[in-house]
Amino acid sequence: MDVSVVIPVYNEVDNVAPLHAALDGVLSGLGKPYEILFVDDGSTDGTSKELADLAGVDPHVKVVRFRGNFGQTAAMEAGLQYASGEAVVTIDGDLQNDPADIPMMLATLEEGYDLVHGWRKDRQDDLVLRKIPSWCANRLISWVTDVPIHDLGCTLKVMTRDVARELNLVGEMHRFIPILAAKRGAKCKEVVTNHRARIHGTSKYGISRVGRVLLDLLTVTYLTRFLVSPMKLFGAVGFACGATACLAGFTTIAMKLVGGVDMTGNPMLLLTALSILTGVQFLAIGLLGELITRIYFDARGLPAYAVRETFNLDDGDGPATLPVARAA
C-alpha cells in the first residue's frame, strides 16, 4: 500500500458517503495503491451502518469501529497504527478539508519532508467563537514551543509511515502532531490548503476547549523538553527553592544579630523552612521522574532518539526499534 487516508468520524452519517466519493475520485487518479481507513469513534446516528455498507462495495474502504466514544485523539492514534501505507494522510470527516489538496501535499512530502501539515488560511468558520480563539492559541503555542506554525487545528496532514508510528497520542494530543514530530527531528512543512464551510452535522468543538488546549500546551511542553530528563526541570526548581532558603535563612540570622528581631516570630524563618521542604520535594520528584522515564522507554522499546537513515547496515543490525530508511 502506498497511501493510507485516516479519517476519524463521530456522528457524521450525512458526510461519510460524499467524503468517500471525493476521496476515491482523488486517490484513484494518483495511480498508486491506496486505502481509505475510517475510524468510527462510537457513532450513534447511523454512521456505523453507512461505513459498513461502503466497506461492502469498495475494497479500498477499511473500518475500525470503537466500542464507545473515546475521543478524536484515540481515533487518530488507532488509525495511524492500523494504516499500512508508506504515506499516511489524516483528514477530518466533516467535509471541511478538501481532498483535492492531497496530491499537492503528497508531492511536497516527496521533496524530502517527513510531515506536511495544512494551513486553513481562509478559514470558513465563525469569527468570534472559532477563528479568533484559534489564532490566539496558535500564536501562543508557536511562541512557547518555538515551532513556527499558523494552524495546529487543521487535521489535513500527510506524513511518512515511520513518523506516524512514532507518535504516541494520548489525551488530546492529536492537535500537536506537527510539534511532537518536529521535536523528534522530523522535517516538517506547512502549506496553504482549502477550507470549506460545514454543510451537514454540527461541530464537536467550541470555545469551551480553550482551557483544555492550555493544559495540553503545558503537557506537550513538558513532553518535548523534559521527558528524557525530568530532573532538568524539577532539579532547577529544587535548587531555586534551596537558594531561596539560604537567602531567607541568612536574612533571619542578620535580623536577629543586628536588629534583635525575635527569630520565632520572624516570617523569614517560616520562608526558610518552607523553601527547604519544597526544594527537597522537587528534587525527589525529579528523581522519581528519571526512574519513570527509564521505565517508559524500556516498556515501549522506544529509544530516546530518532534515526532517519543508516548506511551499510542490515535490517537485523542494531536495536529492535521502528523501521528507518536504509541506504544501499
Side-chain angles (χ1 to χ4, degrees), residues 1-41 43 45-66 72-73 75-110 113 115-120 122-124 151 153-161 163-164 174 177 191-204:
M1 196 66 61
D2 286 345
V3 180
S4 295
V5 180
V6 174
I7 312 128
V9 291
Y10 176 65
N11 289 346
E12 299 285 1
V13 62
D14 295 322
N15 291 322
V16 166
L19 178 59
H20 166 259
L23 285 170
D24 188 62
V26 170
L27 297 173
S28 60
L30 295 176
K32 301 178 180 180
Y34 66 91
E35 64 180 2
I36 303 174
L37 179 59
F38 288 93
V39 182
D40 181 7
D41 187 23
S43 297
D45 67 340
T47 298
S48 301
K49 182 181 183 305
E50 189 75 19
L51 292 175
D53 292 342
L54 284 176
V57 298
D58 185 356
H60 294 108
V61 174
K62 301 180 181 180
V63 179
V64 177
R65 185 183 178 192
F66 285 176
Q72 187 173 358
T73 296
M76 187 70 73
E77 170 72 4
L80 294 179
Q81 297 304 317
Y82 275 97
S84 58
E86 292 299 322
V88 181
V89 182
T90 62
I91 190 171
D92 260 335
D94 56 11
L95 288 176
Q96 290 194 267
N97 295 140
D98 191 350
D101 289 319
I102 293 177
M104 175 271 294
M105 298 180 75
L106 286 170
T108 304
L109 188 77
E110 292 175 356
Y113 293 96
L115 186 146
V116 180
H117 49 99
W119 172 15
R120 299 166 295 179
D122 186 18
R123 185 172 176 178
Q124 303 300 309
D151 188 6
C154 183
T155 304
L156 185 55
K157 301 177 181 70
V158 179
M159 67 195 80
T160 59
R161 183 171 62 176
V163 168
H174 65 275
I177 285 177
V191 296
V192 176
T193 56
N194 185 32
H195 190 248
R196 304 178 293 192
R198 175 184 274 271
I199 300 176
H200 304 292
T202 58
S203 174
K204 313 302 186 297

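Screening I7, V89, V61 against L23 for a side-chain contact (heavy atoms from CB on, under 4.5 Å) leaves a single residue, I7. L106 pairs in a side-chain contact (heavy atoms from CB on, under 4.5 Å) with only one of the listed residues (V3, D2, V116), which is V3.
Judged by distance alone, with hydrogens and angles left aside, the side-chain atoms of D92 form no donor-acceptor pair with the main-chain N or O of D94 at under 3.5 Å.
The two residues A83 and L37 come nearest to each other via the heavy atoms N-CD2, 3.8 Å. What you find for L51 and F38 is that their closest heavy atoms are CD2-CG, 3.4 Å. Here the closest heavy-atom approach between residue L156 and residue D101 is recorded as CD2-CB, 3.9 Å. Between F66 and A78 the shortest heavy-atom distance is CZ-CB, 3.7 Å. Across all non-hydrogen atoms, the minimal contact from A87 to L109 is CB-CD2, 4.0 Å.
With a 4.5 Å cut-off on side-chain heavy atoms, T193 and M105 count as touching. In this structure the side chain of L95 never reaches within 4.5 angstrom of the side chain of E12, judged on heavy atoms. You'll find the side chain of S48 reaches within 4.5 Å of the side chain of D40, heavy atoms only.
Inspection of the D45 and S43 side chains reveals no N or O donor paired with an N or O acceptor under 3.5 Å.
In terms of the ring pair (Phe, Tyr, Trp, His ring centres under 6.0 Å) criterion, residue partners of H60 (sequence neighbours excluded) are, by chain and number, Y34. Applying the side-chain contact (heavy atoms from CB on, under 4.5 Å) rule to A17 yields the partners E50; only residues at least two apart in sequence or on another chain are considered.
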Inset, instruction - For side-chain contact (heavy atoms from CB on, under 4.5 Å), just list the numbers for M76 and T155, CA-CA rounded to whole Å, side-chain angles, deciding distance to a tenth of an Å, and then say yes or no. - result: CA-CA 10 Å; M76 187 70 73; T155 304; 3.7 Å; yes

